[in-house]
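Heads up, the thing below is written out as structure tokens.
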Amino acid sequence: MNQIEQLVERLASEVPEAKTSLDRPAQQSGTWWLDADLQGHSVVTEWRPGKGFGISASPSRAYGEGPDEIFPNLQSAGDRVIALLCGREYTQPPREMFLTGLRDIRRVSQDDLAKRLKVSQATVSKMERRSNMYLTTLRKLVAALGGELEIRAKFPEGVVRIKQFG
Amino acid sequence: MHSKEDRFSEFLRRLALLPRARDASEARKQLERMLNAVEDEMTDIPNDPTQWQSDGRMYPPQDDSLRLTTNPAVMCFRSKGHRTYISQGGAIEIREIPNRVVFSKPGSDGKTIADLLS
């Protein structure tokens, strides 16, 4: 029995009311899919042998899009699927953007940001092109855009917020 | 950036305008070409199909998502919310899971996926 078949067994045992449907690939090494539904709330799990599990629970499913969350092992993936099903929770795709994109969605110009940081517009332009910077600088920049910088470390067992840097 | 709904609609509109594919290989190339063009034009997300976790971009069917169907002349590619069917005659059909047809186009032999899977 492979890992996703074990997940089906675990669901049958721990959430017997859930309906599951396993979608097998043409090749055993291909991607397997498990559709699970509990009273109209659905969770889609993708298993790539050797890579892990991808999990999504979202009312919108764009064509050909990857999973919202990735889990490296069966235990953590199973825990997450059960929590999503039983808690009727949704997943969110990871949001990533460059600093310029972040400034754009906050509707702040480089000039305005420069004034808030008390630096020149040219300095802001350079900051936005850097691939590395001090955490203190990044914290000030995020604060100037109205946000708060948080540093989190992601492990298979969960996410930890690192407080070392204030 | 345009919404995923807008981009998907534009992808289907362009796919419908193309001539019927001669075979499965051409049908798959049409899907890849149209979707990649729409995503390149309407998003700023780099094309990186090796990126497994969602990066917000829509990707065409990948080899490892191939499934068998009841008809050996029809192959199916699964993704998170859709199944894409392609026939040896070049027909294309996209179904939203569980089974709502959102796009269908016959192949060069005039047959649709529904003809071949019924």
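To find a chain, count down the sequence lines: A is the first, B the second, and so on, and within it residues start at 1. Nothing here was measured: the structure is a model prediction, and the numbers come from that model. The basis for the numbers below is simple: all heavy atoms, side chains too, and nothing from hydrogens, waters or symmetry mates.
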Aromatic ring pairing A:Tyr63/B:His82, orientation class (parallel under 30°, perpendicular over 60°, tilted between):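 A:Tyr63 vs B:His82 ring planes: perpendicular.
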Using the rule that Ile, Leu, Val, Met, Phe, Trp and Tyr join whenever any side-chain heavy atoms are under 4.5 Å apart, tell me whether [X] and [Y] fall into a single cluster.
X        : Y        : answer
A:Leu74  : A:Val43  : yes
B:Val102 : B:Leu116 : no
B:Phe103 : B:Met34  : yes
B:Ile86  : B:Leu117 : no
A:Ile82  : A:Val44  : no

Got a sec: does the [atom1] of [X] have more than 12 other heavy atoms crowding it under 6.0 Å?
X       : atom1 : value
A:Gln92 : CD    : no
B:Arg22 : CZ    : no
A:Glu17 : CD    : yes

For [X] and [Y], work out which heavy atoms get closest and say how close.
X       : Y       : result
A:Asp23 : B:Arg78 : OD2-NH1, 3.2 Å
B:Lys80 : A:Ser56 : CD-OG, 3.0 Å
B:Ser79 : A:Gly64 : OG-N, 3.7 Å
B:Ser54 : A:Gly66 : CB-O, 3.2 Å

Please classify the contact between [X] and chain A as side chain, backbone, both or neither, with a heavy-atom cut-off of under 4.5 Å.
X       : result
B:Leu12 : neither
B:Phe8  : side chain
B:Phe77 : neither

Residues in residues 32-40 of chain A that sit under 4.5 Å from chain B, counting heavy atoms only: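 Within residues 32-40 of chain A, the residues under 4.5 Å from chain B are A:Trp32, A:Trp33, A:Asp35.
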Contacts with chain B made by residues 125-136 of chain A (heavy-atom distance under 4.5 Å), listed by residue number: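 No residue falls under the 4.5 Å cut-off.
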N-O pairing of A:Glu65 and B:Lys4 below 4.0 Å: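 Answer for the salt bridge query: yes.
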Chain B interface, residue from A:Ser58, A:Ala26, A:Ser21 that has the most non-hydrogen pairs under 4.5 Å: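 The candidate making the most pairs under 4.5 Å is A:Ala26.
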Spatial distance of atom CD (A:Gln27) from atom CG (B:Leu68) [nearest 0.5 Å]: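 That separation rounds to 8.5 Å.
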Beyond-backbone contact of A:Asp68 with B:Gln53, side-chain heavy atoms, under 4.5 angstrom: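 Contact flag for A:Asp68/B:Gln53 side chains = no.
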Leading residue by heavy atom contact count with chain A [cutoff under 4.5 Å; candidates B:Glu5, B:Gln62, B:Arg57, B:Arg67]: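 The option with the most such pairs is B:Arg67.
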